[in-house]
Amino acid sequence: YSIINEDHLSTVDLPASAAAGTWNAIGLQRPMVIAMVGLPARGKSYIVKMIIRYLRWIGFEADVFNVGSYRRKIGLSGIDASYFSEGKEASENREQLAMAVQEMMYDWLRDANGKGRVAIFDATNTTKNRRQALCTRARKEQVSLLFVESICDDADILDRNYDLKLQNDDYKGTDPAQAKADFIARVEAYQRRYQTIEDDEDHSQISYIKLINVGQKVISRNCTGYLPSQVAFYLQNIHIVPRKIYLTLPAENSDSVEGILGGDSPKMTEKGRHYALDLARYILSHDNHEEFMVLTGTAKVHAETSVHLRLQVPVYTTPLLNELRGGDLQLIKRSDIQKVHPQIYEARQKDKLHYRYPGVGGESYMDVIERVRPIIIELERQRKPVLLVCHLAVLRCIVGYFTGCEMEEIPNLNFKQHHIYELIPGPFGCEKREIELLHVVH
């Protein structure tokens, strides 16, 4: 940790006791397990992908332990519905697999070197006995436990989920009609012993979140800790409605040409003025352009970039989308930082994700991620198309979240000025497309 000497801009070490940890340390003072609950094809895997991506993005060390994947990995792929029957031998085999994955999960949690970790136990966990065993083990291991149950009775969603399930290794090379019949038989076998979570489980101490039809309805109980409450709030806003998100850097102005850190000049270049017009033309060329919502930062260049859109679609401004703040280096040319402040330049190059610019208001990429969390929630909540006009660090953090890239890669993601980046979130990830606009749309 360091501060800047105001006279000489030199680093001054602070004692280690001056810091108690990051903000996330409040939320995870001991390891946590999130255990999924639900019948097959109820969207559990989709929810797991969403949770794990969000947790990693906000700085938690998290991993998934999937019982079905482990079963297929050890050579038990392609088995038919009889494996999931209520017979004693089949039940014992399934429990042994679940316990083996649970052991791997706890080995990973113990190997955390003092860091709080989050493990997601991805299995059906459809009986009270299984859930009580998980509660007992978590208590023994001094681990927090949160159940997330996914319930789905929407026929259209179920039909789509069934078709997706037929693409996994259990049905590779199998006739589609035969595969679907077998999978339905598997689901029916689970349904006969399925017990939804109830408040009296684990001596009425159970913590859970129930999602009905992937976000149509959410019920939570005992989600009182920081992280459980954050997960509950996040899951209240996700959905599976197809939509598109568009992102663009601000149009070129005098500061971007000169490379001024944190500059806010309203003086647009000719290219910048053309781009602002082309951007409006592109958005308004969509048949559903009246549905668009535009979000921008509060800098003058954001206003100039969206000036033509304001006459046609709702434009909302928020400082959350402003550029990463340079602290004492604000308004310095980026090209001068290495020459004038080599120590700062080298320190930032070593760890751009965590390095915070010195001085009042200076930020790191992790600070920006914390700042734009409400934007992510809004983008997950929205069903309509959204355009964001934001600076480079913010753009990197948002795209990094949706694409699920490694955290260390976020500060180095490449984006071009006068291009639009289209994101299409889906059940298997997020499609990304680059659209060049300058002098293309007329």
Side-chain angles (χ1 to χ4, degrees), residues 22-24 50 52-60 244-253 255-256 259-264 275 279 294-299 301-302 305-306 318-327 329-330 334-335 337 344-345 347-357 361-380 386-425 429-437:
T22 64
W23 175 255
N24 284 340
M50 298 288 287
I52 202 77
R53 188 179 69 190
Y54 183 67
L55 291 178
R56 287 173 176 170
W57 183 76
I58 62 176
F60 288 104
K244 293 182 179 181
I245 301 167
Y246 300 88
L247 303 100
T248 187
L249 294 168
E252 186 180 83
N253 69 348
D255 284 341
S256 61
I260 302 295
L261 177 63
D264 189 19
Y275 180 71
L279 176 63
V294 180
L295 296 175
T296 81
T298 57
V301 69
H302 293 139
T305 304
S306 60
T318 170
L320 299 176
L321 292 175
N322 288 350
E323 179 60 308
L324 184 153
R325 293 187 287 269
L329 275 66
Q330 195 85 339
R334 296 176 190 274
S335 58
I337 295 176
I344 292 174
Y345 177 83
R348 190 166 189 266
Q349 289 302 112
K350 288 178 182 177
D351 187 4
K352 287 181 73 175
L353 182 65
H354 296 97
Y355 182 83
R356 179 180 294 128
Y357 276 117
E363 289 184 305
S364 68
Y365 269 86
M366 287 305 300
D367 293 329
V368 174
I369 286 172
E370 183 67 33
R371 167 156 54 95
V372 301
R373 281 169 68 175
I375 300 295
I376 292 299
I377 297 297
E378 181 60 26
L379 293 177
E380 290 290 7
V386 180
L387 167 68
L388 284 88
V389 180
C390 52
H391 275 88
L392 182 58
V394 175
L395 183 62
R396 284 170 168 167
C397 292
I398 292 174
V399 173
Y401 164 77
F402 279 102
T403 58
C405 73
E406 295 293 329
M407 293 296 293
E408 291 73 18
E409 296 175 10
I410 287 177
N412 300 308
L413 294 176
N414 290 318
F415 298 99
K416 300 174 185 176
Q417 201 166 37
H418 299 160
H419 287 62
I420 285 183
Y421 295 88
E422 179 187 71
L423 303 179
I424 308 175
C430 182
E431 296 180 38
K432 178 181 159 213
R433 186 167 72 102
E434 183 178 330
I435 306 163
E436 185 175 4
L437 280 194

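Side chains included, hydrogens not; waters and symmetry mates left out as well; all remaining heavy atoms used.
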Ring geometry between Y355 and Y357 (parallel below 30°, tilted from 30 to 60°, perpendicular above 60°): perpendicular

Sidechain-backbone polar pair: W57 side chain, R373 backbone, donor-acceptor under 3.5 Å: no

Minimal non-hydrogen separation, I369 against M407, with atom names: CD1-CE, 3.5 Å

Sidechain-backbone polar pair: T305 side chain, A251 backbone, donor-acceptor under 3.5 Å: yes

Donor-acceptor contact present, side-chain E363 to main-chain R325, <3.5 Å: yes

Check: F415 ring centre within less than 6.0 Å of Y421 ring centre: yes

Donor-acceptor under 3.5 Å (R396 side chain, L413 main chain): yes

Polar side-chain atom of D255 near backbone of D264 as donor-acceptor pair, under 3.5 Å: yes

R53 side chain vs Y401 backbone, donor-acceptor pair below 3.5 Å: yes

Donor-acceptor contact present, side-chain H419 to main-chain T248, <3.5 Å: no

Salt-bridge contact R371-E323 (side-chain N to carboxylate O under 4.0 Å): no

Electrostatic pair E434-K416, nearest N-O below 4.0 angstrom: yes

E406, CD atom: more than 12 neighbouring heavy atoms under 6.0 Å: no

Heavy-atom donor-acceptor pair, E380 side chain to I376 backbone, under 3.5 Å: no

N/O donor-acceptor pair under 3.5 Å between N322 side chain and T298 backbone: yes

